[in-house]
Amino acid sequence: MAKLELAPLRRWDDFFPGSERFAKPDVKDLAKWNNRVVSNLLYYQTNYLAVALVVFFAVGLLDPLGMLTAMAVVSGVFLSSGWAGQNRAIISNLKRQNPTAFMIAVMVASYVFMSMLGSVMVFLTAVAVPLALIFTHASLRLRNLKNKLENKMEGAGLKRSPMGIVLEALGQQEENILKIQNFLEGNLKE
């Protein structure tokens, strides 16, 4: 297995080259759109991390106490759920048999604790705004040859990156993409 590598920070004129390298995705071809998003997430991952950190810290500067409170609550809930998933059989079984329900329970618990402390909107803004920016850029940015090559190397296992590991954990393999595409196309035709 290849060692973990962080992708280089891409030049600004590569990240935002001009309107000719951006195009609206074809929403009728979900596999192609998904491939574009995954490719851009892999290729520009360090740029996306920089954008997310800038927005996260900017929101933190606007309401530092709310941000620290929200980060402490989310960290505590995730660490507790991770510990419980390893040390409690019933939670471990739930995590293994129904990971979606487990993640929803963790997110609901985080939301409840943050709402009790009044930090929900601060944290949601700090997380939702960067995610929206990243998804929009990844959807609209056309791929280039270097982007496609990086994606093939990641897919072949010749290279490992943090975003590649996250996408793999989220199930972004080709067979899962095809299942999702077939399901959505079947529902759109009906």
Side-chain angles (χ1 to χ4, degrees), residues 1-64 66-68 70-72 74-75 78 103 106-107 110 114 119-174 176-178 180-181 184:
M1 182 175 202
K3 68 178 184 152
L4 187 65
E5 296 179 28
L6 187 62
L9 188 65
R10 308 295 176 189
R11 292 185 340 266
W12 182 253
D13 62 340
D14 182 22
F15 190 57
F16 278 110
S19 61
E20 71 278 354
R21 294 301 304 154
F22 288 92
K24 182 180 168 191
D26 183 8
V27 294
K28 293 178 182 168
D29 190 354
L30 295 176
K32 189 174 180 181
W33 184 11
N34 189 62
N35 191 23
R36 180 193 291 187
V37 170
V38 169
S39 293
N40 284 330
L41 287 174
L42 289 170
Y43 188 69
Y44 295 112
Q45 62 186 287
T46 308
N47 294 67
Y48 292 146
L49 177 63
V51 167
L53 288 174
V54 166
V55 172
F56 196 78
F57 286 123
V59 171
L61 288 174
L62 294 174
D63 187 359
M67 187 60 126
L68 287 173
M71 286 176 24
V74 170
S75 298
F78 274 91
M103 283 307 300
V106 169
M107 290 189 305
S110 295
M114 278 193 294
S119 303
V120 174
M121 290 311 295
V122 173
F123 193 73
L124 288 179
T125 302
V127 172
V129 170
L131 288 178
L133 290 172
I134 290 167
F135 182 73
T136 301
H137 182 274
S139 292
L140 297 176
R141 176 68 167 94
L142 296 172
R143 297 177 295 157
N144 58 26
L145 188 60
K146 287 182 0 185
N147 185 320
K148 292 176 184 178
L149 180 63
E150 288 280 328
N151 194 28
K152 295 295 180 199
M153 289 176 62
E154 183 85 33
L158 299 174
K159 206 173 179 187
R160 298 294 296 159
S161 66
M163 183 63 76
I165 292 170
V166 169
L167 291 171
E168 187 178 303
L170 291 173
Q172 290 298 313
Q173 293 90 7
E174 190 64 32
N176 290 335
I177 293 168
L178 291 175
I180 293 168
Q181 176 188 2
L184 291 174

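Counting begins at 1 with the first residue of the sequence. Treat the numbers as computed from the prediction; the structure is a model and nothing was measured.
- Annotation: side-chain hydrogen bond (donor to acceptor under 3.5 Å, both in side chains) contacts of S139 (sequence neighbours excluded): W33.
- Once rounded to the nearest 0.5 Å, the distance linking CZ of F57 with CE of M67 reads 8.5 Å.
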- [ ] With side chain to side chain donor-acceptor pair (under 3.5 Å) as the test, would you mind laying out the steps for Y44 and R141 before giving the verdict?
- [x] CA-CA 10 Å; Y44 295 112; R141 176 68 167 94; 3.0 Å; yes
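- The CZ atom of R36 sits 5.0 Å away from atom CG of L142, with the distance rounded to the nearest 0.5 Å.
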- [ ] Check the pair V59, V129 against side chain to side chain contact (heavy atoms under 4.5 Å, CB included), reporting the backbone distance first and the verdict last.
- [x] CA-CA 10 Å; V59 171; V129 170; over 6 Å; no
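- Annotation for N40 and H137: closest pair ND2-O, 4.3 Å, computed over non-hydrogen atoms.
- When all heavy atoms are compared, the tightest approach of V127 to P130 is O-CD, 3.4 Å.
- Counting all heavy atoms, side chain and backbone alike, P25 lies closest to L140 at CD-CD2, 3.7 Å.
- The side-chain contact (heavy atoms from CB on, under 4.5 Å) test applied to I134 returns L41, Y48, A52, not counting sequence neighbours.
- R10 places no side-chain N or O within 3.5 Å of a backbone atom of N47 that could act as its donor or acceptor partner.
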